A.B. asks: 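Take a look at the following structure, please.
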Amino acid sequence: MAEHRYDPHEIEPRWQNVWAEERTWEVRNDEPSEDRHEAPGPGRSVGATDLNSYVLEMLPYPSGEPHIGHLKCYALGDAIAHYHRRLGRHVLHPMGYDAFGLPAENHAIKTGVHPRVSTAESIASFQRQFRSWGISIDWSRELATCEPEYYRWTQWIFLELFRAGLAYRKDAAVKWCPKDQTVLANEQVDADGHCERCGAVVEVRQLNQWFLRITDYAERLHDGLHEIEWPEHVKTMQRNWIGRSEGAEVTFRCEELDVDYPVFTTRPDTLFGATFFVMAPEHPDVPRLAEGTEHEQAAREYVNRALNETNEERGNAERQKTGVPLGRTVTNPVNGEQIPIYVADYVLMEYGTGAIMAVPGHDERDHDFATAFDLPIRRVIEPLDPQGDDDLELPYTSDGRLTNSHPDFDGMPNREALAAIVAWLDREGKGHASVNYRLRDWLISRQRYWGCPIPIVNCERCGTVGVPIEQLPVELPDVEDYMPKGRSPLAASESFLNVSCPECGGAAQRETDTMDTFVDSSWYFLRYCDARNDQAAWDPAALKRWMPVDQYIGGVEHAILHLMYARFFTKALADLGHLDFQEPFNALFTQGMVTKDGSKMSKSRGNVVSPAAIIERVGADTARCYILFVGPPDQDADWSDDGVEGVHRFLSRLWRLSAETAERAGGDASAAPGLSEPSTAGGDDLALLRKTHWAIDKVGGDLRRFAFNTAIAAVMELLNEISRLRESTDLETQRFSLATAASLLFPFAPHVCADAYDLLTGERVWEQEWPQADEAMLESESYELVCQVNGKVRDRVQANADAGPDELKDLCRAAPNVQVHLDGKQVVKEVVVPGKLVNFVVR
RNA sequence: GCGGCGGUGGCGGAACGGUAGACGCGGGGCCCUCAAAAGGCCCUGUCCGCAAGGGCGUGUGGGUUCGAAUCCCACCCGCCGCACCA
């Protein structure tokens, strides 16, 4: 017998070539929506709407080479895509590149290579590696967000939003990174006020910026979470980010200046306890209020200091409260009291109205401030049933009943009083119930080169004018100097900058900011559906066929931003009549990180595992299989080179046994192709067939719940059994079991399984229906009955599958070691679980 | 502080309320070999015992149950997200 040796470096390219040449994984938009398999098996009732499936992994940011996290993500998605195909569905499984953005540009600045060039190189490297991994991508739909064919439609979407009033420009205090020389989105600044990318301390600047009105969608983004199958923690993060609070808007009036100041509060029940009023340093009325008072100078100095503070300093709740009185008062609308106005940095301009009513008796922050400034603290809620000294002290933030408020409300439970007070305010025209959100509008302007140009022309006569659709794309000019200098490098290109106004034809200038890259990735999943369309962003029929995405896969790091923005775009585009669905991703799976020696891989730690090196050593199948085998895919997994060897041994054994078995069967599988299950069997043959059906059942179930690690373990068990029963089973039984093992493992290790299946049957495993477990084969005629006494296992005996409870009890009672523990005792209860166990409770 | 997730052998991890530790790694022993590599077979939670068998075991303490890693209560520890959001 010839020596059979598993050689992934021969096997993998060979099958990759077949798939590339035959364009196996391409799907068409005009294929009839019917089952791909001629004869759907029993239980294969895939509904009409289920016949198309869209499996999508988050598109990679091409920088350098793919890392191990990419391997995990695409190994995961590929397994799902293959499984869906084998269930008879058409599967859209595309790939693209999120190719604009700061990292590419920074890298370019460092190395002197133009971002267009370095990005193209990275993309080429990603393509090469993805192909070497053998992932089943429809390459005909490949895209990169930096291509004019793509960003033409990014610009079109921007203009649609602009026309709908959802893209607007305003002066705003924005976060400015002095190192990257650009404005940052709130989300790109960490909690301590550092630039997320370079770590520099962020400053504040006033600039005229483009925003997208995501706040209009706060409520729908919040409520829409109910209808999608996402991990609970991701939904929670999104809810926290949206930050919905119910409360009331209450108007406080400054009589001296004749101005109303509405505030938002979640606690209108504590209104009678408001003893002062605080404005944020950024509040536009602060200078005006202080003007002419003895505090004018102090207020100005305080505001200046506060504006120059970093978020790190300002965000610290622990530090002593600071502030300055403005020398004015406002009227508390519920009791007419005049309460002093302060300016203090613990109040944020971005949230609510930038001003608050302060209730030191029932809010910790207000209490801190009142203590520091010796302001009155009034209790207006008392505990119903004081639990300890804490309840009798202020601030008291729990529920209770009203006191010191007003005869109409005193004594009322505070929740009830809250509603009653809001109703009263409403009647009096002094306030109303209100919902407030933490979410802010999305700042998309970037003073950077490597991004999608904002398709706007600024005309002195006509104002802000959108570029007409037929003039799109506004191409990114090929400038020499793309170093950021505080304004966009695009402004340096005269030919780009100076245009004639699309409306009046007069001299005008282009907008020179580019868009945040999150804009590019907020709609790419739509473009895949119709990636080569040069007449429109998509044909609605194509979206109807594929959208929404059935299964989206990616890292948790995108739990908030990317996923929120994509949802926002979907809702906005639906409102504009371009889409007929509200949520882009029906189901989401978030994969865990791959670590090395327990910590995150990084160049500085020197613990980076390169996918290319692993594949060079053991092949793509092993690498893919290992990363899915090592643990549940949603959890972090530690990379172990020894563990990889174990999986390599397993695949090696699968292939070797298949090759040997095929040879013993005559090596003419292709002459008589096909696979059928041996019909009559007994003894070990039956045992092996049973194990095979057990594995079919197990792997299918595990795939449906993303338990890839146990699915692979089940195939390992099956292979161990095949190997163990090698000498005592028929060749046909072995052939059937091995081919089934290859078939079940194909979604994880496609090359070796395609090869093994071909050797054994002469057929293409990816064209085969997913195996069906035979119910009858899942049950055997006897099983091991567990015999317990007082819940402890004392013996095990063979029982017939059809034995009744009495028979089982007798069997158990007769077991030798059970008798020992029953001896001299009285049985007070007998528990029988047919198919499992018998438990005698004795005294 | 708030919210979420988790804690099981030497390690990664399995276990619809029903045999804890599947599968893999690591370790030990053996076979094949002149030798090695590769491969194959067996053992491997822990303590007592020659063995049969028994005791103890899923972060801690309680509870529910014939039976708890699993359900409930309290607590400890770890990770992640948010955090002066009125």
Side-chain angles (χ1 to χ4, degrees), chain A residues 3 5-6 191 231-241 243-245 247 263-267 270 278 280 314-319 321 344-348 350-359 362-366 368-369 436-440 556-557 559-560 592-593 626 629-632 634-647 649-650 652-653 656 698 701 707 709-717 719-720 723-724 726 784-796 816-817 820-821 827-833 835-842:
Chain A
E3 194 192 348
R5 202 189 159 112
Y6 171 53
E232 206 44 55
H233 68 280
V234 175
K235 290 195 194 183
T236 305
M237 278 192 250
Q238 292 224 337
R239 278 193 201 100
N240 289 345
W241 194 257
R244 183 180 194 276
S245 307
V263 300
F264 175 76
T265 177
T266 54
R267 296 295 305 275
T270 64
V278 191
R314 191 159 163 191
N316 182 6
E318 302 301 311
R319 71 174 184 167
K321 291 276 181 290
D345 66 0
Y346 80 96
V347 173
L348 310 174
E350 310 91 79
Y351 186 76
T353 60
I356 62 156
M357 65 175 208
V359 184
H362 304 281
D363 181 281
E364 284 182 28
R365 298 151 300 178
D366 297 344
D368 289 347
F369 191 87
N436 203 41
Y437 296 93
R438 209 181 68 114
L439 188 70
R440 320 226 178 103
V556 241
E557 65 273 20
I560 299 174
M593 225 180 10
Y626 169 72
F629 173 69
V630 69
D634 55 334
Q635 285 176 29
D636 289 353
D638 201 61
W639 184 273
S640 144
D641 287 336
D642 286 336
V644 173
E645 290 307 322
V647 172
R649 277 198 281 274
F650 160 61
S652 188
R653 203 147 65 109
R656 194 159 20 80
K698 172 82 176 146
N709 55 332
T710 52
I712 293 167
V715 181
M716 286 176 172
E717 275 195 63
L719 191 68
N720 288 345
S723 185
R724 200 171 67 80
R726 198 105 210 282
E784 194 174 63
L785 179 74
V786 170
C787 306
Q788 297 183 334
V789 177
N790 283 349
K792 285 193 195 304
V793 181
R794 292 305 180 188
D795 219 331
R796 284 149 209 190
N817 201 39
V820 174
H821 289 88
V827 176
V828 295
K829 185 162 183 174
E830 295 166 335
V831 181
V832 182
V833 185
K836 288 272 188 210
L837 56 79
V838 172
N839 184 19
F840 293 122
V841 184
V842 301

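Predicted model, so just to flag it, every value in this text is computed and none were measured. Within every chain, numbering begins at 1; the chains are lettered A, B, ... in the order of the sequence lines, protein sequences first and strands thereafter.
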A.B. asks: Between B:rG45 and B:rA52, how far is it from one P atom to the other, in whole Å?
C.D. replies: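 Looking at atom P only, B:rG45 and B:rA52 are 15 Å apart.
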A.B. asks: Can you tell me how far P of B:rU8 sits from CD of A:Gln635, to the nearest Å?
C.D. replies: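 Taking CD of A:Gln635 and P of B:rU8, I get 11 Å after rounding.
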A.B. asks: Check every strand shown and say whether A:Gly646 touches a base, only sugar-phosphate, or nothing at a heavy-atom separation below 4.0 Å.
C.D. replies: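 If one applies the 4.0 Å heavy-atom cut-off, A:Gly646 turns out to touch the sugar-phosphate alone, with no base involved.
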A.B. asks: When you compare B:rG7 with B:rU70, how far apart are their C1' atoms, in angstrom units rounded to a whole number?
C.D. replies: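 About 14 Å, rounded to a whole number of Å.
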A.B. asks: Between B:rA36 and B:rC31, how far is it from one P atom to the other, in whole Å?
C.D. replies: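 Straight-line distance between the two P atoms is 12 Å.
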A.B. asks: For A:Phe369, does the six-membered ring have the charged nitrogen or CZ of A:Lys321 within the cation-pi criterion, i.e. under 6.0 angstrom from the centroid and within 45° of the normal?
C.D. replies: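 Not satisfied by the 6.0 Å and 45° rule.
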A.B. asks: Would you classify B:rG61 as syn or anti? Syn applies when the glycosidic angle is within 90° of 0.
C.D. replies: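 In terms of base orientation relative to the sugar, B:rG61 is anti.
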A.B. asks: How is A:Val793 classified with respect to the nucleic acid when contacts are heavy atoms under 4.0 Å: base, sugar-phosphate, or nothing?
C.D. replies: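 Since only primed, P, OP1 and OP2 atoms lie under 4.0 Å of A:Val793, the category is sugar-phosphate.
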A.B. asks: Side chain of A:Arg656 only, heavy atoms from C-beta on: which candidate in B:rG81, B:rG40, B:rC23 is closest?
C.D. replies: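 The nucleotide sitting nearest to the side chain is B:rG40.
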A.B. asks: Compare side-chain N and O positions of A:Asn240 against OP1 and OP2 of B:rC2 and report whether any pair is under 4.0 Å apart.
C.D. replies: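 A:Asn240 to B:rC2 OP1/OP2: no side-chain N or O under 4.0 Å.
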A.B. asks: Report the nucleotide, chosen from B:rG40, B:rC84, B:rA14, that has the shortest atom-to-atom distance to any side-chain atom of A:Asn709.
C.D. replies: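 Selected nucleotide: B:rA14.
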A.B. asks: Would you say A:Val842 and A:Asn790 make side-chain contact, with heavy atoms under 4.5 Å?
C.D. replies: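 Of all side-chain heavy-atom pairs linking A:Asn790 with A:Val842, at least one is under 4.5 Å.
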A.B. asks: Which part of the nucleic acid, if any, lies within contact of A:Glu232, taking any heavy atom under 4.0 Å across all strands shown: a base, the sugar-phosphate backbone alone, or nothing?
C.D. replies: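 A:Glu232: no heavy atom of the nucleic acid under 4.0 Å.
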A.B. asks: Can you name the closest pair of heavy atoms from A:Arg267 and A:Met357 and give their distance?
C.D. replies: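 Between these two residues, the closest heavy atoms are O-CE, 3.7 Å.
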A.B. asks: With a 4.0 Å cutoff (strictly under), does any side-chain N or O of A:Lys829 reach OP1 or OP2 of B:rC66?
C.D. replies: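 Checking A:Lys829 against B:rC66: at least one side-chain N or O falls below 4.0 Å of OP1 or OP2.
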A.B. asks: Output all residues satisfying side chain to side chain contact (heavy atoms under 4.5 Å, CB included) with A:His821, sequence neighbours left out; order by chain, then residue number.
C.D. replies: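 Expected list: A:Val789, A:Arg794, A:Asn817.
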A.B. asks: With nearest nucleotide decided by heavy atoms, which residue, A:Val841 or A:Val786, maps closer to the 5′ end of RNA chain B?
C.D. replies: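 Closer to the 5' end of RNA chain B: A:Val786.
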A.B. asks: When the C1' atoms of B:rA51 and B:rA37 are compared, how many Å lie between them, rounded to an integer?
C.D. replies: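 To the nearest whole Å, 40 Å.
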A.B. asks: Would you say A:Cys787 and A:Phe840 make side-chain contact, with heavy atoms under 4.5 Å?
C.D. replies: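 A side-chain contact under 4.5 Å is absent here.
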A.B. asks: Using a 4.0 Å heavy-atom cut-off across all strands, classify A:Arg726 as base, sugar-phosphate, or nothing.
C.D. replies: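 Contact class for A:Arg726: none.
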A.B. asks: Within this structure, what is the CG-to-P distance between A:Asp636 and B:rC80, rounded to whole angstrom?
C.D. replies: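 Rounded to whole Å, this separation is 9 Å.
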A.B. asks: A:Ser723 and A:Arg653: which non-hydrogen atoms are nearest, and at how many Å?
C.D. replies: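 What the structure gives for the nearest pair is OG-NH1, 3.4 Å.
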A.B. asks: What heavy-atom pair brings A:Tyr437 and A:Tyr351 nearest, and what distance separates the two atoms?
C.D. replies: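 For A:Tyr437 and A:Tyr351, the tightest heavy-atom pair comes out as O-CE1, 3.8 Å.
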A.B. asks: Could you tell me whether A:Ser640 contacts a base, only the sugar-phosphate backbone, or nothing, with contacts defined as non-hydrogen atoms closer than 4.0 Å?
C.D. replies: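 Contact class for A:Ser640: none.
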A.B. asks: Under 4.0 Å between a side-chain N or O of A:Arg438 and OP1 or OP2 of B:rA86?
C.D. replies: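 Indeed not, no polar side-chain atom of A:Arg438 lies that close.
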A.B. asks: So does A:Asn720 get a side-chain nitrogen or oxygen closer than 4.0 Å to the phosphate oxygens (OP1/OP2) of B:rG24?
C.D. replies: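 Checking A:Asn720 against B:rG24: at least one side-chain N or O falls below 4.0 Å of OP1 or OP2.
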A.B. asks: If you check every side-chain atom of A:Phe629, which of B:rC23, B:rA86, B:rG54 has the closest atom?
C.D. replies: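 The answer is B:rC23, which lies nearest to the side chain.
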A.B. asks: Can you name the closest pair of heavy atoms from A:Lys698 and A:Ala714 and give their distance?
C.D. replies: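 Reported closest heavy-atom pair: CG-CB, 3.5 Å.
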A.B. asks: Roughly, in whole Å, what's the span from CG in A:Asn817 to P in B:rG54?
C.D. replies: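 A:Asn817 atom CG is separated from B:rG54 atom P by 4 Å.
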A.B. asks: Round to the nearest Å and state the distance from A:Arg796 atom CZ to B:rA52 atom P.
C.D. replies: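 Going from A:Arg796 (CZ) to B:rA52 (P), I get 14 Å.
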A.B. asks: Look at the side chain of A:Glu717 and decide which nucleotide, out of B:rC84, B:rA14, B:rC23, has an atom nearest to it.
C.D. replies: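 The closest nucleotide is B:rC23.
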A.B. asks: Please state whether the phosphate of B:rA86, meaning OP1 or OP2, lies under 4.0 angstrom from any side-chain nitrogen or oxygen of A:Ser245.
C.D. replies: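 True: A:Ser245 side-chain N/O within range (under 4.0 Å) of B:rA86 OP1/OP2.
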A.B. asks: Take the protein atom CD of A:Glu557 and the nucleotide atom P of B:rC82, then report the distance between them rounded to whole Å.
C.D. replies: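 Whole-Å distance recorded here is 13 Å.
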A.B. asks: Please tell me which of A:Phe840 and A:Ala707 maps to the more 5' nucleotide of RNA chain B, matching each residue to the nucleotide holding its nearest heavy atom.
C.D. replies: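 Looking at RNA chain B, the more 5' nearest nucleotide goes with A:Ala707.
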A.B. asks: In whole angstrom, give the distance that lies between atom CG of A:Leu719 and atom P of B:rG40.
C.D. replies: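 A:Leu719 atom CG is separated from B:rG40 atom P by 9 Å.
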A.B. asks: Quantified in whole Å, what is the C1' atom distance between nucleotide B:rC77 and nucleotide B:rG59?
C.D. replies: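 Looking at atom C1' only, B:rC77 and B:rG59 are 7 Å apart.
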A.B. asks: When the C1' atoms of B:rG9 and B:rU46 are considered, how many whole Å apart are they?
C.D. replies: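 Straight-line distance between the two C1' atoms is 9 Å.
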A.B. asks: Could you state the NE2-C1' distance from A:His233 to B:rC2, rounded to the nearest angstrom?
C.D. replies: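 Checked: the NE2 to C1' distance equals 17 Å.
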A.B. asks: So, is A:Arg239 close to the B:rC82 phosphate, meaning a side-chain N or O under 4.0 Å from OP1 or OP2?
C.D. replies: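 Indeed not, no polar side-chain atom of A:Arg239 lies that close.
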A.B. asks: What's the closest nucleotide to the A:Val831 side chain, out of B:rA86, B:rG18, B:rA15?
C.D. replies: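 For A:Val831, the side-chain atoms sit closest to B:rG18.
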A.B. asks: Counting side-chain heavy atoms from C-beta on, which of B:rG12, B:rG54, B:rG40 comes nearest to A:Arg794?
C.D. replies: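 For the A:Arg794 side chain, the nearest candidate turns out to be B:rG54.
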A.B. asks: So A:Gln788, base contact, sugar-phosphate only, or nothing? Heavy-atom distance under 4.0 Å.
C.D. replies: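 Base contact.
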A.B. asks: Quick one: does A:Asp795's side chain get under 4.5 Å of A:Pro816's, heavy atoms only?
C.D. replies: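 They are in contact (side-chain heavy atoms under 4.5 Å apart), so the answer is yes.
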A.B. asks: Calculate the interatomic distance between A:Leu785 atom CG and B:rG18 atom C1'; express it in whole Å.
C.D. replies: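 After rounding, the gap between these two atoms is 11 Å.
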A.B. asks: May I ask you to verify if any side-chain N or O of A:Asn839 is less than 4.0 angstrom from the OP1 or OP2 atom of B:rU65?
C.D. replies: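 Looking at the OP1 and OP2 atoms of B:rU65, neither is under 4.0 Å from any side-chain N or O of A:Asn839.
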A.B. asks: Any heavy-atom pair between the side chains of A:Arg319 and A:Asp345 that's under 4.5 Å?
C.D. replies: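 Heavy-atom side-chain distance check passes, below 4.5 Å.
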A.B. asks: Given the P atoms of B:rG10 and B:rU58, what is the spacing between them in whole Å?
C.D. replies: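 The answer is 13 Å between these two P atoms.
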A.B. asks: Flag the pair A:Glu717 and A:Arg724 as a salt bridge only when some basic side-chain nitrogen lies within less than 4.0 angstrom of an acidic carboxylate oxygen.
C.D. replies: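 Salt bridge between A:Glu717 and A:Arg724, a charged N being under 4.0 Å from a carboxylate O: no.
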A.B. asks: Need one value for A:Val347: base, sugar-phosphate or nothing, where a base atom within 4.0 Å counts as base even if backbone is also close, heavy atoms only.
C.D. replies: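 The answer is base, as A:Val347 lies within the cut-off (heavy atoms under 4.0 Å) of a base atom.
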A.B. asks: Hey, is the side chain of A:Arg649 poking within less than 4.0 Å of OP1 or OP2 on B:rA38, counting only N and O atoms?
C.D. replies: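 Indeed not, no polar side-chain atom of A:Arg649 lies that close.
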A.B. asks: With rounding to whole Å, what would you report as the distance between B:rA38 and B:rC48 at their P atoms?
C.D. replies: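 Taking atom P in both B:rA38 and B:rC48, they lie 36 Å apart.
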A.B. asks: Identify which nucleotide among B:rG40, B:rC23, B:rG26 has an atom closest to any side-chain atom of A:Ala713, counting heavy atoms from C-beta outward.
C.D. replies: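 Among B:rG40, B:rC23, B:rG26, the one nearest the side chain of A:Ala713 is B:rC23.
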A.B. asks: Does A:His821 place a side-chain N or O at less than 4.0 Å from the phosphate oxygens OP1/OP2 of B:rG54?
C.D. replies: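 A:His821 to B:rG54 OP1/OP2: side-chain N or O found under 4.0 Å.
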A.B. asks: From B:rC82, B:rA86, B:rG55, pick the nucleotide closest to the side chain of A:Thr265?
C.D. replies: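 Shortest atom-to-atom distance from the side chain points to B:rA86.
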A.B. asks: What dot-bracket string describes RNA chain B from 5' to 3', counting Watson-Crick and G-U wobble pairs whose defining distances are under 3.5 Å, with [ ] for crossing pairs and | for pairs to another strand?
C.D. replies: (((((((..(((.....[....)))((((((.......))))))((((....))))..(((((..]....))))))))))))....
